[in-house]
Amino acid sequence: MLFKVEMKVNLPHDMPAEVAAEIKAREKAYAQELQRQGKWRHLWRVAGSYANVSIFDVADNAELQELVSALPLFPYMDISVAPLCRHPSSIHQDDR
Ligand SMILES: O=C(O)CC1=CCC(=O)O1
């Protein structure tokens, strides 16, 4: 199942820089591993904002919840999710 996931990051302004850097490094490693596994299919920065738009390809709602709630930045993000289905005009065979 495909989901559009929008994540807006709100790190506390008083978080020490080295703590923020360590969380971001763990976030990057986790995100890249999920991309290698094919579960995090797209990751886009929203221009001008500390936010991203992502496409996840997971088995079901429960797997999405499991993966997203394990994000190191999860405690600091506002997240919105929308389920996706194939558009009849899409030319991409891997949309499903
Ligand atoms: O910077 C972000 O948008 C948050 C994030 C998600 C995956 C990652 O590496 O950073």
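When a ligand or atom number is given, it counts from 1 through the structure's own listing order.
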Does ligand 1 have any N/O atom under 3.5 Å from a protein N/O, and what are those pairs and their distances?
residue	atom	partner	partner atom	Å
ligand 1	1 (O)	Arg45	NH1	3.3
ligand 1	1 (O)	Arg45	NH2	2.8
ligand 1	3 (O)	Arg45	NH1	2.7
ligand 1	3 (O)	Asn52	ND2	2.9

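- In this structure, Val53 shares a hydrophobic cluster with Val46, the cluster being traced through Ile, Leu, Val, Met, Phe, Trp and Tyr side chains under 4.5 angstrom apart.
- With contacts defined as side-chain heavy-atom distances shorter than 4.5 Å, the pair Met1/Pro83 does not qualify.
- Salt-bridge annotation for Lys8 and Glu6: absent, with no side-chain N of the basic residue lying under 4.0 Å from a carboxylate O of the acidic one.
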Run the side-chain donor-acceptor check on residues 62-82: report pairs under 3.5 Å with partners two or more places apart or on a different chain.
residue	atom	partner	partner atom	Å
Glu63	OE1	Ala59	N	2.7
Glu63	OE2	Lys39	NZ	2.6
Ser69	OG	Gln65	O	2.7
Ser69	OG	Glu66	O	3.3
Asp78	OD2	Asn10	ND2	3.0

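- By the side-chain hydrogen bond (donor to acceptor under 3.5 Å, both in side chains) test, Lys24 is found to be paired with no residue, residues two or more places apart in sequence or in another chain being considered.
- Counting all heavy atoms, side chain and backbone alike, Ala20 lies closest to Leu11 at CB-CD1, 4.0 Å.
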